[in-house]
Amino acid sequence: MKLSKRLIVPPGSKVNLAAWDQNDTAGFDKKSIDAALEHNLKRLGELQYRLYAESRRSLLVILQGLDAAGKDGTIRHVCGAMNPQGCRVAAFKVPTPEEAAHDFLWRIHRQAPRTGEVVIFNRSHYEDVLIVRVHDLVPKSVWQRRYDRINEFEAELADAGVHVLKFFLHISKDEQLDRFRARLDDPAKNWKASPADFAERKCWTDYTAAYEDAISKCSTKAAPWFVIPANHKWFRNLAVSQIIVETLEALDMKFPKPAFDLSKIKLK
Ligand code: AMP
Ligand code: MG
């Protein structure tokens, strides 16, 4: 079964994250994975080349997940396979005063991909129904209306030829603790440790509920959500790259025909 079929949240369904095993590897094991991952990354490079050459459509990959879920690592792997000319990452932090002075989609829309481009979002407009909801940063009556706004916005992107894929990197609470511990123990990871992450961990249940709502309400045909079992980094990388490859392959992209008769060009 295609991983995009196995891991998609069918539009209209209600997701219960407890039922999704963070350790799932869809039958792959660590030994057999290298060849599959290498194949995916090579294929990704080829498909991105076509997307760029064709320059009619584009790809937007949205990465969400709790702290230490692996957003940065996924970006390193997936982007590493692509030509930097045509691939870009946009990270969304606490809104700047300029961003906060606008509607919540303003800063997001400006980072949407142009035709031929791949853009990866490290966090996104979903923060406005996640951290904002968990910490009551705006009243419920405000964030509650955002699910519809998000669906309309993503449908508008899809109409403009943007293929939107949304990945929730699903880790367990124990795995998060192990990764936090590594951030404290490993000097090369110390810089990633943040007291805010430890504080957010206390809100695990609230975040789970907020994610379940966001994923259930906003998995649409135009912009589906995928739940990626992410306790095993190797499987996470395989799953994300494979779903992107499966999506791009379905676009059946063609190189543009030259606008002139090549045979008439004489090289001297
Ligand atoms: P990081 O991605 O680890 O660099 O952290 C960025 C932080 O910015 C996270 O704690 C996010 O939850 C937070 N953040 C992102 N977008 C928003 C937003 N719209 N409102 C409040 N906090 C946000
Ligand atoms: Mg962080």
Side-chain angles (χ1 to χ4, degrees), residues 17 60-79 88-112 119-154 157 164 166-171 173 175-184 186 188-215 217-218 223 225 228 230 233 236-237 240:
L17 287 174
L60 174 60
V61 174
I62 295 179
L63 293 178
Q64 285 287 164
L66 293 168
D67 296 305
K71 299 183 288 296
D72 295 346
T74 307
I75 291 172
R76 211 165 45 240
H77 272 86
V78 173
C79 283
R88 180 163 63 79
V89 178
F92 296 96
K93 311 274 182 187
V94 176
T96 63
E98 169 81 350
E99 289 169 346
H102 291 82
D103 70 90
F104 79 103
L105 291 170
W106 179 77
R107 65 174 182 162
I108 309 293
H109 207 160
R110 304 171 78 202
Q111 298 287 357
V119 173
I120 304 192
F121 280 2
N122 183 344
R123 305 186 187 270
S124 65
H125 42 298
Y126 283 93
E127 294 293 324
D128 293 280
V129 289
L130 293 165
I131 189 168
V132 165
R133 162 175 162 167
V134 169
H135 292 294
D136 292 318
L137 302 182
V138 301
K140 183 173 182 185
S141 58
V142 173
W143 59 254
Q144 226 172 15
R145 292 201 305 274
R146 289 184 172 165
Y147 303 104
D148 287 344
R149 297 292 87 74
I150 289 173
N151 286 341
E152 287 160 10
F153 167 64
E154 291 175 355
L157 292 181
V164 185
K166 301 179 294 202
F167 297 110
F168 171 63
L169 306 181
H170 189 31
I171 53 165
K173 215 173 165 187
E175 178 65 22
Q176 189 193 49
L177 195 62
D178 285 348
R179 292 184 189 183
F180 280 176
R181 200 171 287 124
R183 288 178 180 188
L184 296 178
D186 179 350
K189 291 185 179 166
N190 284 169
W191 67 275
K192 281 196 156 205
S194 136
D197 291 353
F198 300 101
E200 291 303 280
R201 184 174 159 79
K202 297 205 179 79
C203 307
W204 187 279
T205 314
D206 291 343
Y207 270 109
T208 302
Y211 265 109
E212 286 180 339
D213 261 1
I215 294 171
K217 290 178 197 288
C218 300
W225 268 107
I228 306 296
K233 295 175 182 174
R236 174 201 76 202
N237 292 336
V240 170

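Both ligands and their constituent atoms are indexed starting at 1 by order of listing.
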Return a yes/no value for Ser124: is any of its N or O atoms, backbone included, closer than 3.5 angstrom to an N or O of ligand 1? no

CD-CG distance between Gln176 and Asp197, expressed to the nearest 0.5 angstrom: 7.5 Å

A student comparing His135, Glu99, Glu127, Arg123 should find that the heavy atom closest to atom 7 (C) of ligand 1 comes from Arg123

Could you verify whether a donor N or O on one side chain and an acceptor N or O on the other, from Glu175 and His170, lie under 3.5 Å apart? no

Min over Asp128, Ile131, Asp72, Val138 of heavy-atom distance to atom 21 (C) of ligand 1 lands on Ile131

Answer yes or no: does atom NZ of Lys189 have more than 12 heavy-atom neighbours from other residues, nucleotides or ligands under 6.0 Å? no

Aromatic plane relationship, Tyr126 with Trp225 - under 30° parallel, 30 to 60° tilted, over 60° perpendicular: perpendicular

Counting from 1, what ligand 1 atoms have a heavy atom of Arg107 closer than 4.0 Å? 16 (N), 17 (C), 18 (C), 19 (N)

Can you name the atoms of ligand 1, numbered from 1 with element, that are less than 4.0 Å from a heavy atom of Pro95? 17 (C), 18 (C), 19 (N), 20 (N), 21 (C)

So CD of Glu152 and CG of Leu105: to nearest 0.5 Å the spacing works out to 9.5 Å

